[in-house]
Structures are given as C-alpha cells and as structure tokens.
Amino acid sequence: MRRVKTAIGLVLTAVMLFPVYWMINVSFTRDQDMRKSPPNWFPVDGTLDGYRTVLDQQLPYLGVSLVVGLGTVALTLVLAAPAAYSLAKLRPRGGAALSFVLLVAQMIPGIIMAMGFYAIFLSTGVLNTVPGLIVADSTLAVPFAVLILTTFMSGIPEELLQAARTDGAGVVRTFVSIVLPVSRNSIITVSLFAFLWAWSDFIFASTLDQGGDHQPITLGIYHYIGNNNQEWNAIMATAVIASIPATILLVVAQRYVAAGVTAGAVKD
C-alpha cells in the first residue's frame, strides 16, 4: 500500500511540475524546432540564444522588481511588526475591530484597489514611479503580515516581557530587544510572502506603472510577448530567469516558513 501511495505521489508531482519542465525545455529550443511535430521532449541541439536575448534586454526589469520587492518587504515590516505587537500585547481599544478590518481588507479584489490607487497617485504625482508601486504592493502584504505576527506574538510568554520591564526596558526597548528576535520565524515568513507578492504582481504594475521609465519584470515579460510573439525560446527563458529568485528564497527559507505559519496555532 505504501508503494502505491508513493507511486501516486510521484505521478501527481510529475504532472504538477511538467509545465515547469516544458518551460525550461522550450527556453533551450531553437526557433526552427519550435513548431516541430512531434515536439522534442528534450532540448536536442539546444541553444542559449533565448537567454542571451533576455540578459541583454530584461536585466533592467529584473533590477526594478528586486528594488520593488525589497522595498515592499521593508515597508511591510515597518508597519506590520509594531501593529502586531500592539494588538498582541498592548491590547489597544478597538483592537478586535481593527483585526476584523484587516481580515476584510484581504478579500478586496486587487483590481478595485488598483483603481483607487490610480486616482490617488494621479493627484499626488506618484503615478508611474517605483515608490508608488512599493506602497501599492505593501497593501497586499501588510494585513497578512499583521495577522501572522499577531498570532505569533500572542504566544510570547508574559513572564519574558515582564522580566524586561523589571530590568527597566520600556515598550520600544522590549519590542526591539525581546519581541523581534523571538519572532524571527514569523518575520521571515511575512518577508518572504511580501517579496513574492511584489515580485509576481501584475495588476498594480500594469495599472500604476504602465508608462513609467522603471518597470518590473512582469511588465517586461508582458511587453516582450507582445513584441516578439514568435520567439518562444526567449519568452520562456525570461520566465525561467524570473523564477530563479523566488525559487532560491523558497528553498532557503522553507524551514522558517513552516515554523512561522504554524506559530501560535497550538498553545500550551
């Protein structure tokens, strides 16, 4: 029975990963072999022309996505960590209502938020700018980050915080020296999700930065497909390169994410 389950798991895994494999395969395929029937299941007579084209044309887009992703992570943590600490330990008046609002905020469709941001950014002069895109992407990550961090910080023993107060630490010192180090796993978790949301965002980018001088990789791929819809090896090479940072982050932070997501789910 165990072997049957293992075989089924392997088959399902292969089915789910096949599009990724085919993307890589096509990225190495020559133009003249692209419409071959039946297609080559392996990159026979493979070429690196697609990757050379991408590295020559798409690096600026990748750089902008990296800046937007890191900026989104920084802004998310600056806003979410203190808010979560306040909700979890300081228990301000109206905290329950605020938590409910944050939960509802995650249910608002992105296109509706993009339209609202468009009107605001147009009047404030930050339309088609990288800072504007960072602010917009952060609105997706902040509610999620506050809820995750609040859940974890609620499980921090009160004795630990009381000991810090006894030693003369104030609210800010306790937060910086005690709460943040203890919350490492959850902070890494929300940072990873914030970066991935910003890295893969297309709705905000196409609405708020369509005419900007500095555009993220999602728009780079979009424009590239529209202008070079016959060069599928270059298109797939772009997708492969754009997937590398997210893949590396997921592999490196996997154990922290698993601990951060489940943090606070079980209490002694």
Side-chain angles (χ1 to χ4, degrees), residues 17 19-34 42-43 45-77 110 114 117-118 121 125-141 188 190-254:
L17 292 180
V20 177
Y21 165 74
W22 197 250
M23 176 179 68
I24 297 174
N25 180 40
V26 173
S27 70
F28 289 105
T29 302
R30 299 180 301 177
D31 290 336
Q32 57 267 34
D33 296 333
M34 201 65 61
F42 302 96
D45 299 323
T47 178
L48 294 174
D49 290 343
Y51 288 92
R52 295 189 186 98
T53 303
V54 170
L55 293 176
D56 181 55
Q57 300 179 7
Q58 297 288 350
L59 283 182
Y61 295 100
L62 288 169
V64 172
S65 285
L66 183 61
V67 172
V68 172
L70 295 177
T72 301
V73 170
L75 183 58
T76 298
L77 292 180
F117 274 121
Y118 184 87
F121 287 0
V126 294
L127 191 66
N128 297 322
T129 64
V130 171
L133 196 56
I134 291 174
V135 171
D137 287 334
S138 297
T139 60
L140 296 176
I188 293 176
V190 299
S191 298
L192 177 62
F193 278 97
F195 182 86
L196 293 179
W197 280 330
W199 183 267
S200 61
D201 168 66
F202 178 76
I203 294 179
F204 286 151
S206 60
T207 305
L208 306 175
D209 198 29
Q210 182 70 39
D213 296 329
H214 306 286
Q215 299 180 356
I217 187 61
T218 49
L219 287 185
I221 295 175
Y222 178 70
H223 296 326
Y224 194 77
I225 292 176
N227 294 330
N228 304 277
N229 54 11
Q230 300 299 320
E231 299 181 20
W232 286 107
N233 56 353
I235 294 171
M236 292 302 174
T238 304
V240 171
I241 293 176
S243 301
I244 291 175
T247 302
I248 293 175
L249 285 176
L250 285 172
V251 172
V252 172
Q254 181 180 7

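- Using a 4.5 Å heavy-atom threshold, the side chains of W199 and L62 count as touching.
- At least one side-chain heavy atom of S191 sits less than 4.5 Å from a side-chain heavy atom of L77.
- D201 places a side-chain N or O within donor-acceptor distance of the main-chain N or O of A205, the cut-off being under 3.5 Å.
- Here the shortest heavy-atom pairing between A198 and T72 reads CB-OG1, 3.5 Å.
- Aromatic ring pairs are classed by plane angle as parallel below 30°, tilted from 30° to 60° and perpendicular above 60°; the pair F204 and F117 is perpendicular.
- Side-chain contact between F195 and L249 is present, with at least one heavy-atom pair separated by less than 4.5 Å.
- Although no hydrogens or angles enter the test, the distance criterion places a donor-acceptor pair under 3.5 Å between the side chain of S27 and the main chain of I24.
- Counting non-hydrogen atoms of other residues, nucleotides and ligands closer than 6.0 Å to OH of Y51 gives a total above 12.
- Considering only heavy atoms from C-beta on, N233 stays 4.5 Å or farther from F28 through its side chain.
- Of the residues D209, L133, V73, I217, the one that meets the side-chain contact (heavy atoms from CB on, under 4.5 Å) test with V68 is L133.
- Using modelled atom types, no side-chain atom of S138 and backbone atom of L75 make a donor-acceptor pair closer than 3.5 Å.
- Closest heavy-atom contact between L219 and S206: CD2-CA, 3.8 Å.
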